[in-house]
Amino acid sequence: MDNELIRPKFWQQYRLDELTTAEWEALCDGCGACCLEKFLEDPDEPYEVEYTDVACQLLDCDTGYCSNYDNRHLFVPECISLTVDKLQHMMWLPESCAYKRLYLGQRLPKWHLLITQDAVKTEQGMRQAGVGVAGRCISELQVSEEDLEERIVNWVHA
Ligand code: SF4
Ligand code: SF4
């Protein structure tokens with residue numbers, strides 16, 4: 001199948017493991033939450049994750065986007081490339097994340113770009129829903145390891 005293909009309502013029609021590369025990528029809303037440092041004490045209790053507002057060194061904290069996505073593994077080898085197989089171990093993702101929601105049999109958020117087809121509406125919807133790290137995170141390069149616990153935030157929920 002053509003991996004550039006985006007089929008109508010693919011998120012309702014096909015399983016996650018049946019998606020093309022373009023469809024898979026289109027699910028990401030770019031919230032940036034998965035680029036935040038977090039405390040995950042017990043891998044068996046992923047919903048008890050505590051997020052901080054401290055972001056990966058490559059995250060642009062103004063836009064909320066990775067500043068060097070294509071070459072990110074050269075700088076951040078531990079950056080996770082999300083695949084269907086990994087999702088079962090990633091329930092620490094935010095509740096709004098499309099990958100997690102579809103994996104759990106839930107709908108996409110109503111503000112998701114695939115639903116609205118309108119970037120401005122989606123941006124407004126995400127802001128209203130309190131989703132997205134842009135403008136409210138700080139680079140890990142500016143925070144020492146021992147101060148991390150003081151940076152726990154309550155605006156990301158698994
Ligand atoms: S949490 Fe999910 S939707 Fe948000 S940036 Fe990460 S993969 Fe994309
Ligand atoms: S390398 Fe980029 S995509 Fe990966 S965690 Fe860092 S900012 Fe996010």
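Ligands are counted one by one from 1 in listed order, and the atoms in each one are counted from 1 as well.
Formation of a donor-acceptor pair under 3.5 Å by the T20 side chain with backbone atoms of L5 is found in this model. Using modelled atom types, no side-chain atom of T52 and backbone atom of R151 make a donor-acceptor pair closer than 3.5 Å.
In this structure, the ring of Y99 has its center less than 6.0 angstrom from the ring center of W24.
Ranking protein heavy atoms by distance to atom 2 (Fe) of ligand 1, first place goes to C97 SG, 2.4 Å. At the top of the distance list for atom 8 (Fe) of ligand 1, counting protein heavy atoms only, stands C28 SG, 2.4 Å. Remark: minimum distance from atom 4 (Fe) of ligand 1 to any protein heavy atom is reached at C31 SG, 2.3 Å. Closest protein heavy atom to atom 3 (S) of ligand 1: D29 OD1, 3.3 Å.
The CG atom of D17 sits 11.0 Å away from the OH atom of Y103 when rounded to the nearest 0.5 Å. To the nearest 0.5 Å, atoms NZ (K9) and CD1 (I115) are separated by 7.5 Å. Taken from CD in E50 to CG in L36, the straight-line distance is 13.5 Å, to the nearest 0.5 Å. Note that CH2 of W155 is 6.0 Å distant from SG of C137, once rounded to the nearest 0.5 Å. Remark: D85 CG to L16 CG distance equals 11.0 Å, nearest 0.5 Å.
Which parts of ligand 1 touch P94 is read off a 4.0 Å heavy-atom cut-off, strictly below it: atoms 1 (S). Atoms of ligand 1 found under 4.0 Å from any heavy atom of Y99 (numbered from 1 in listed order, with element): 7 (S).
With a cut-off of 2.8 Å, the protein N/O/S atoms near atom 8 (Fe) of ligand 2 add up to 1.
In this structure, L82 is a member of the same hydrophobic cluster as W92, with clusters built from ILVMFWY side-chain heavy atoms closer than 4.5 Å.
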